[in-house]
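Data first, discussion second: the structure below is written as structure tokens.
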Amino acid sequence: MIQTRGYAAQHATAPLALFGFVRRPPGPRDVQIDILYCGVCHSDLHTARNEWHNTLYPSVPGHEIVGRVIATGDEVTRFKVGDLAGVGCMVDSCRHCGACREGLEQYCETGFTGTYNGPEQGSGANTYGGYSETIVVREDFVLRISHAENLAAVAPLLCAGITTYSPLRHWGAGPGRKVGVVGLGGLGHMAVKIAHAMGAQVVLFTTSPGKAEDARRLGADEVVVSRDADQMAAHAGSFDLILNTVAAPHDLDAFLVLLKRDATMVLVGAPGEPHPSPDVFNLIFRRRRIAGSLIGGIAETQEMLDFCAAHGIVSDIETIAMSQINEAYERMLKGDVKYRFVIDMATLKQEPAQAA
Ligand code: NAP
Ligand code: ZN
Ligand code: ZN
């Protein structure tokens with residue numbers, strides 16, 4: 001077994017702290033990755049604090065992983081030692097249901113295996129994520145990284161990037177389409193960049209007027225402060241698509257009325273408590289829709305990474321040391337992130353060995 005260290009929450013109200021554990025040695029089809037960087041997703045916080053009421057403890061979060069391959073099993077064909085590699089939100093799935101056969105592993109009919117919070121296929125054991133020194137993952141769930149530089153800023157593409165790319169592609173963001181993005185956090189800022197690169201007209205909705213200038217720099221054509229009723233009313237009935245990334249319950253009607261007939265608001269934000277129920281008349285009268293979307297499949301994640309490399313897209317990040325993670329969570333809760341924290345995993349490797 002491989003002895004490793006990570007940062008774990010031991011229960012819902014405990015801060016994350018150093019935690020020693022073992023990973024399986026690479027099997028014939030596994031790749032072992034030395035983790036260089038791991039992004040900090042709001043889902044990590046929801047999970048560490050059991051806000052979705054399904055956390056297995058100890059919980060080692062982290063599913064925006066970029067690293068270097070340090071070992072491969074005998075049957076691995078796509079990676080060799082020294083290659084860059086990425087791991088996102090999934091490390092396995094059943095591989096034979098209808099969804100898996102279509103390359104939609106995130107919708108695996110028996111449930112995919114999360115990079116953290118398991119359960120592992122077969123054993124049902126918990127899985128431990130990227131806030132750690134090294135990880136062992138089946139080759140099929142490892143992504144190729146073609147960005148040549150700025151690897152820390154590539155890490156957030158593995159969740160924030162794919163979670164926004166997938167619905168933007170599915171609902172046809174592109175030239176001639178007016179796309180709204182709600183919330184300028186980790187997901188929202190990637191949505192702005194990607195929708196802009198796809199050629200859509202992008203309007204960013206924010207509760208933080210101070211983020212307006214950044215939003216325009218990131219690619220928004222217009223910025224609307226969502227608490228300003230007059231600014232909102234100016235966009236009534238005009239959107240083809242709205243991507244809602246907000247991590248807290250809020251009034252969905254404020255955005256539904258901005259959709260055209262037959263247009264869709266896709267919810268990707270996943271608050272621990274439900275949104276107040278929207279007014280059905282806002283849906284009925286213009287045949288509007290509310291939809292949801294979960295990350296993206298492995299093939300589409302690769303497509304997104306290649307799209308971002310081709311368009312020079314990375315995340316805007318603030319690098320932190322592993323030991324600053326609890327403080328980073330508090331700042332994330334206040335919307336005080338520009339626009340994704342990324343842990344430099346060298347700082348974990350430098351922590352004294354005896355502390356594990
Ligand atoms: P984040 O960086 O914290 O960004 C969320 C943004 O939402 C904030 O920056 C803020 O933007 C806005 N916001 C927060 N609280 C708000 C409130 N009470 N009212 C209105 N706006 C508020 O989080 P993230 O990492 O982007 O994740 C966002 C959500 O997506 C989380 O719930 C996460 O679990 C979920 N998620 C879902 C998937 C999926 O597959 N569907 C994948 C990854 C993450 P402004 O300051 O601009 O208003
Ligand atoms: Zn995530
Ligand atoms: Zn499946």
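We count ligands from 1, going down the list as the structure has it; atoms in each ligand are counted the same way. Just so we're clear, the structure is a prediction, and the values are computed from it rather than from any experiment.
- Close approach of ligand 1 to Cys159 is summarised as follows: ligand atoms under 4.0 Å from at least one heavy atom of the residue are 42 (C), 43 (C).
- Donor-acceptor pairing under 3.5 Å is recorded for the side chains of Gln302 and Asp306.
- Of all the listed residues (Leu267, Leu333, Ile295), Ile295 holds the heavy atom that lies closest to atom 40 (O) of ligand 1.
- The two residues Ile313 and Met190 have their closest heavy-atom pair at CG2-CE, 3.8 Å.
- Distance alone, capped at 3.5 Å, places no donor-acceptor pair between the Tyr165 side chain and the Ala160 backbone.
- At least one N or O atom of Arg340 sits closer than 3.5 Å to an N or O atom of ligand 1.
- Note: Tyr131 and Tyr329 have tilted aromatic rings, judged against thresholds of 30 and 60 degrees for the angle between ring planes.
- Checked by distance only, ligand 1 and Pro249 stay at 3.5 Å or farther apart across all their nitrogen or oxygen atoms.
- When heavy-atom distances to ligand 1 are checked against a 4.0 Å cut-off, Ser293 comes that close only through its backbone atoms N, CA, C and O.
- Here Cys108 contributes SG and Cys94 contributes SG, and at the Zn ion (ligand 3) these two atoms make an angle of 100°, given to 10°.
- In terms of protein heavy atoms, atom 4 (O) of ligand 1 is closest to Gly185 CA, 3.3 Å.
- Considering both main-chain and side-chain atoms, Trp52 never comes within under 3.5 Å of ligand 1 through any nitrogen or oxygen pair.
- In terms of modelled atom types and a separation under 3.5 Å, the side chain of Asn117 and the main chain of Leu56 share a donor-acceptor contact.
- Set against the non-hydrogen atoms of Ala248, the atoms of ligand 1 under 4.0 Å away are 15 (N), 17 (C), 18 (N).
- For atom 36 (N) of ligand 1, the nearest non-hydrogen atom from the set Val268, Thr47, Leu204 comes from Val268.
- If you check the side chains of Thr134 and Gln32, you find a donor sitting under 3.5 Å from an acceptor.
- Taking every heavy atom of both residues into account, Val225 and Gln231 meet most closely at N-OE1, 2.9 Å.
- For the pair Leu184 and ligand 1, the shortest N or O to N or O distance falls below 3.5 Å.
- The 12-atom threshold is exceeded at CZ of Arg95, counting heavy atoms of other residues, nucleotides or ligands nearer than 6.0 Å.
- Both the backbone and the side chain of His42 come within contact range of ligand 1, each with a heavy atom under 4.0 Å.
- By the criterion of a heavy-atom distance under 4.0 Å, the side chain of Thr163, and not its backbone, is placed next to ligand 1.
- In this structure, Ser323 OG and Gln350 CD are separated by 10.0 Å, a value rounded to the nearest 0.5 Å.
- Ring orientation note: the planes of His235 and Phe239 are tilted relative to one another, at an angle of 30° to 60°.
- Listed by number with element, the atoms of ligand 1 under 4.0 Å from a non-hydrogen atom of Val246 are 7 (O), 13 (N), 16 (C), 20 (C), 21 (N), 22 (C).
- Under 3.5 Å, the side chains of Tyr107 and Glu102 contain no donor-acceptor pair of N or O atoms.
- Side chains of Tyr116 and Asp44: a donor-acceptor N/O pair is present below 3.5 angstrom, by distance only.
- Annotation: atom 29 (C) of ligand 1 to nearest protein heavy atom, Thr245 O, 3.4 Å.
- Nearest to atom 2 (O) of ligand 1 among the protein's heavy atoms is Gly186 N, 2.9 Å.
- Close contacts between ligand 1 and Lys211 involve ligand atoms 9 (O), 11 (O), 45 (P), 46 (O), 47 (O) [criterion: under 4.0 Å to a heavy atom].
- Among all protein heavy atoms, the one lying closest to atom 33 (C) of ligand 1 is Ser43 OG, 3.4 Å.
- Residue Gln106 does not touch ligand 1, judged by heavy-atom distances below 4.0 Å.
- Put simply, Cys41 gets within reach of the Zn ion (ligand 2), with an N, O or S atom under 2.8 Å from it.
- The shortest N or O to N or O distance between Arg227 and ligand 1 is not below 3.5 Å.
- Of all the atoms in ligand 1, the ones that sit under 4.0 Å from a non-hydrogen atom of Thr206 are 45 (P), 46 (O), 47 (O), 48 (O).
- The closest approach between any non-hydrogen atom of Met332 and ligand 1 is below 4.0 Å.
- Both the backbone and the side chain of Ala247 come within 4.0 Å of ligand 1, counting heavy atoms alone.
- No heavy atom of Val337 sits closer than 4.0 Å to any atom of ligand 1.
- Interatomic distance, CG of Asn282 versus CZ of Phe255, reported as 13.0 Å (0.5 Å rounding).
- Numbered from 1 in the order shown, with element, the atoms of ligand 1 that lie under 4.0 Å from a heavy atom of Gly183 read 11 (O), 47 (O).
- Here His63 meets the criterion, with an N, O or S atom under 2.8 Å of the Zn ion (ligand 2).
- Every N/O-N/O distance between His250 and ligand 1 stays at or above 3.5 Å.
- Between Leu143 and the choices Val87, Leu158, Ile65, the side chain to side chain contact (heavy atoms under 4.5 Å, CB included) rule is met once, by Leu158.
- Scanning the protein heavy atoms around atom 26 (O) of ligand 1, the nearest turns out to be Leu187 N, 2.8 Å.
- Using a 4.0 Å cut-off to heavy atoms of Ser208, the atoms of ligand 1 that qualify are 45 (P), 46 (O).
- Annotation: Arg287, atom CZ; neighbour count of heavy atoms from other residues, nucleotides and ligands within 6.0 Å does not exceed 12.
- Within a 6.0 Å sphere centred on CD of Glu75, heavy atoms belonging to other residues, nucleotides or ligands number more than 12.
- The structure places OG of Ser166 at 10.0 Å from CE of Met304, a figure rounded to the nearest 0.5 Å.
- Interface of Leu294 with ligand 1, defined as ligand atoms under 4.0 Å from a residue heavy atom, comprises 40 (O).
- Nearest heavy-atom pair, Glu105 versus Met90, reported as atom, atom and distance to 0.1 Å: C-SD, 3.7 Å.
- Of the protein's non-hydrogen atoms, Thr207 OG1, 2.6 Å is the one closest to atom 48 (O) of ligand 1.
- When the shell of 6.0 Å around CZ of Arg261 is examined, it contains 12 or fewer heavy atoms from other residues, nucleotides or ligands.
- Close N/O approach between Ala270 and ligand 1 is found [any backbone or side-chain N/O within under 3.5 Å].
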